[in-house]
Amino acid sequence: STGFNVAIDGPAGAGKSSVAKKVAEQLGFLYIDTGAMYRALTYAAIQEKIALDNEQQLVQLLKENSLELTPTEFGTTVYWNDSNITADIRSNDVNKHVSLVSSHKDVRLLMVEKQQQLAHAKNAVLDGRDIGTYVLPNADVKVFLTASVEERAKRRHLEQLEKGQPSDLKVLEKDIAKRDELDSTRSFAPLKQAEDAQIVDSTQMTIDEVIQTILALVKEHS
Ligand code: C5P
């Protein structure tokens, strides 16, 4: 690998994407949102009415279409062929089904190949579940970003309310805990802290404190 790579893994709703995006911005690195890739395939499969446990059809869908992530000042724009599906991939329906889609080994192998190609050539920050353990085992900096389920659900809840969308805190807690369980118990490349990852528990931290903590780790390692 020729680039400097920062891996940020952790459970759902820990703030990985906001943090990773800002860290990348500060460093002038590319930001790669790997969750968006699994979300995009999930969204497309739902649209195409593909059974989400049909691994080979999912693989075929991914191979026969183009999935592009374009970095913008607001985050990442996601294109499925010519459609901009950036907003669609954040729906509740996608939240509910993405863990099943991402549990398939052959789906993951294709995604991982794309992620490695993007990261190897460049200085990049990647966020996901298996970046430090599987995608980039030699990443220069590895962070495992976590927070209590209650705190993660509360943050999502406030986000929803701010957007004027209906939200039920208890339902969010249940959904988040369920997704974590599915992601950490799948057999291939599950969500897991890498042995050499630095744990950052953001339960009592602001986003800015988390960003500064990670930037300090990068400085130490460069
Ligand atoms: O990070 P985000 O919540 O957008 O990820 C959505 C889902 O995609 C996760 O719950 C997980 O099932 C899957 N995922 C994964 N491996 C990654 C990134 C995301 O399995 N590296």
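We number each residue from 1, following the sequence as shown. Just follow the structure's listing: the first ligand is 1, and inside any ligand the first atom is 1.
For the residue pair T42 and H97, no side-chain donor N or O sits within less than 3.5 Å of a side-chain acceptor on the partner. Under 3.5 Å, the side chains of S202 and R155 contain a donor-acceptor pair of N or O atoms.
Residue contacts with ligand 1, taken as heavy atom pairs separated by less than 4.0 Å, involve R129 via backbone and side-chain atoms alike. At a heavy-atom distance under 4.0 Å, no atom of M37 approaches ligand 1. With a 4.0 Å heavy-atom cut-off, ligand 1 is reached by the backbone of S99 and by its side chain too.
Ion pairing of E173 with K170 is present here, as a side-chain N (NZ or NE/NH1/NH2) and a carboxylate O approach within less than 4.0 Å. A salt bridge between K142 and D130 is absent, with no side-chain N of the basic residue lying under 4.0 Å from a carboxylate O of the acidic one. Ionic pairing of D183 and R129 is present here: one or more N-O contacts between side-chain nitrogen and carboxylate oxygen are shorter than 4.0 angstrom. Under the 4.0 Å criterion applied to side-chain N and carboxylate O atoms, R152 and D180 are assigned as salt-bridge partners.
The closest protein non-hydrogen atom to atom 14 (N) of ligand 1 is Y38 CD1, 3.6 Å. Nearest to atom 21 (N) of ligand 1 among the protein's heavy atoms is D130 OD1, 2.8 Å. From the protein, the heavy atom lying nearest to atom 6 (C) of ligand 1 is R179 NH1, 3.5 Å. In terms of protein heavy-atom proximity, atom 18 (C) of ligand 1 is closest to T34 OG1, 3.3 Å. Here the protein heavy atom with the shortest distance to atom 19 (C) of ligand 1 is G35 CA, 3.5 Å. Of the protein's non-hydrogen atoms, R39 NE, 2.6 Å is the one closest to atom 4 (O) of ligand 1.
Of all atoms in ligand 1, listed by their number and element, those nearer than 4.0 Å to a heavy atom of D183 are 9 (C), 10 (O), 11 (C), 12 (O). Interface atoms of ligand 1 facing G128, defined by a heavy-atom separation under 4.0 Å, are 17 (C), 18 (C), 21 (N). Of all atoms in ligand 1, listed by their number and element, those nearer than 4.0 Å to a heavy atom of S102 are 11 (C), 12 (O), 13 (C), 20 (O). Heavy-atom contacts of R186 reach the following atoms of ligand 1: 15 (C), 16 (N), 20 (O) (cutoff under 4.0 Å).
Residues that satisfy the side chain to side chain donor-acceptor pair (under 3.5 Å) test with S18, not counting sequence neighbours, are absent from this structure.
Checked by atom type and distance alone, the side chain of N81 never pairs as donor or acceptor with a backbone atom of S83 at under 3.5 Å.
Proximity annotation for atom 15 (C) of ligand 1: of R108, K16, R90, R108 comes nearest, heavy atoms only.
For the atom pair Y43 OH and W80 CH2, the distance stands at 11.5 Å (nearest 0.5 Å).
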